[in-house]
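Note sheet for the following structure.
The chains referred to below are lettered A, B, ... by the order of the sequence lines, with proteins before strands, and numbering in each begins at 1.
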Amino acid sequence: KAGVTQTPRYLIKTRGQQVTLSCSPISGHRSVSWYQQTPGQGLQFLFEYFSETQRNKGNFPGRFSGRQFSNSRSEMNVSTLELGDSALYLCASSPSGPSYEQYFGPGTRLTVT
Amino acid sequence: TQLLEQSPQFLSIQEGENLTVYCNSSSVFSSLQWYRQEPGEGPVLLVTVVTGGEVKKLKRLTFQFGDARKDSSLHITAAQPGDTGLYLCAGAYNQGGKLIFGQGTELSVKP
């Protein structure tokens with residue numbers, strides 16, 4: 001099976017702009033989660049979507065939003081970008097099951113200038 | 001607040017040495033996972049432990065889940081330069097695909 005894919009891999013944006021990142025999960029996986037990774041804070045959970053519904057949400061401001069489509073593909077959007085939003089954004093998909101194992105994509109490196 | 005404390009944060013050893021990484025929390029997890037991440041890439045799942053007291057082996061890596069399901073350890077025997085990377089533990093609760101990650105252990109194995 002093909003792994004999780006994320007596009008774009010690299011992105012440079014200016015403060016105040018908005019950005020949309022895309023994620024295609026492993027075929028058959030219905031859960032998609034998003035994480036932000038920075039050197040100072042490590043990996044932090046943003047939100048999780050399951051069958052087009054947000055099932056879990058982390059402690060991020062409302063500028064961070066997401067959605068999931070009927071084919072399980074997901075997008076996340078960040079509006080009014082701030083310098084502190086510079087990070088590696090990781091998408092992970094998960095099969096159904098109690099262990100919640102997650103399979104990560106390569107990430108999108110976002111730089112805000 | 002759900003926290004996972006991982007130690008040590010940095011580890012630099014010589015090839016052939018043994019090492020142990022610890023992951024501790026005051027919370028009980030339904031499962032705990034270990035990942036390895038290389039620069040510029042996403043974490044790769046190494047193992048999932050579910051049962052308290054469970055021990056799993058993956059070649060030279062041994063993973064243990066505490067009896068109370070609050071802590072875990074990763075032991076590497078005879079480390080090799082190819083083991084270099086960021087090791088992350090992550091705890092899952094019974095609330096869907098939300099993982100709480102430890103801060104990670106940056107391992108460097110020198111030849």
Side-chain angles (χ1 to χ4, degrees), chain A residues 3-6 9-10 21 23 25-26 29-51 53-60 66 68 72 74 87-111, chain B residues 1-10 21 23-25 27-52 54 56 58 63 65 69 72 85-107:
Chain A
V4 177
T5 58
Q6 291 187 245
R9 290 292 309 273
Y10 303 92
L21 312 181
C23 171
I26 292 172
H29 288 190
R30 293 165 64 190
S31 167
V32 174
S33 299
W34 288 89
Y35 294 83
Q36 181 195 66
Q37 187 175 30
T38 59
Q41 299 297 317
L43 262 160
Q44 292 188 289
F45 173 78
L46 280 157
F47 29 66
E48 181 222 3
Y49 286 86
F50 182 85
S51 294
T53 301
Q54 189 179 83
R55 187 162 67 172
N56 281 290
K57 189 176 187 308
N59 298 322
F60 279 81
Q68 187 180 32
S72 292
S74 177
L88 181 67
Y89 288 88
L90 293 159
C91 167
S93 73
S94 180
S96 300
S99 62
Y100 308 115
E101 294 177 346
Q102 303 212 354
Y103 297 86
F104 285 83
T108 294
R109 171 71 63 186
L110 172 65
T111 302
Chain B
T1 304
Q2 302 159 334
L3 285 175
L4 258 180
E5 294 185 5
Q6 195 172 335
S7 63
Q9 285 191 41
F10 302 95
V21 178
C23 188
N24 295 290
S25 175
S27 302
V28 176
F29 298 107
S30 60
S31 70
L32 195 138
Q33 299 159 28
W34 286 90
Y35 293 82
R36 179 168 169 263
Q37 185 178 21
E38 298 197 28
E41 298 297 327
V44 174
L45 179 67
L46 295 173
V47 78
T48 300
V49 284
V50 178
T51 306
E54 183 176 5
K56 281 192 174 179
L58 186 67
F63 304 86
F65 202 13
R69 292 189 290 137
S72 181
L86 178 67
Y87 288 82
L88 295 155
C89 63
Y93 299 89
N94 288 326
Q95 46 182 283
K98 175 181 178 179
L99 292 181
I100 303 300
F101 278 85
Q103 283 293 91
T105 295
E106 191 73 55
L107 173 63

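Crowding of B:Glu5 atom CD: a count of heavy atoms from other residues, nucleotides or ligands under 6.0 Å not exceeding 12.
Chain B forms the most heavy-atom pairs under 4.5 Å with one residue out of A:Gly3, A:Pro106, A:Gly105, and that residue is A:Pro106.
In this structure, the separation between CD on A:Gln44 and CG on B:Leu99 is 13.5 Å, given to the nearest 0.5 Å. Once rounded to the nearest 0.5 Å, the distance linking CD of A:Glu101 with OH of B:Tyr35 reads 7.0 Å.
Between B:Leu86 and A:Gln37 the shortest heavy-atom distance is CD2-NE2, 4.0 Å. Considering all non-hydrogen atoms of both residues, B:Gly40 and A:Arg9 come closest at O-NH2, 3.2 Å.
Looking at B:Phe29, there are no atoms closer than 4.5 Å to chain A (heavy atoms on both sides), in backbone or side chain. Contact of B:Gln103 with chain A is made through the side chain alone, with heavy-atom distances under 4.5 Å.
A 4.5 Å side-chain heavy-atom check between B:Pro43 and A:Leu90 finds at least one atom pair inside the cut-off. Contact of the B:Leu45 side chain with the A:Tyr103 side chain is registered, since non-hydrogen atoms from C-beta on lie closer than 4.5 Å.
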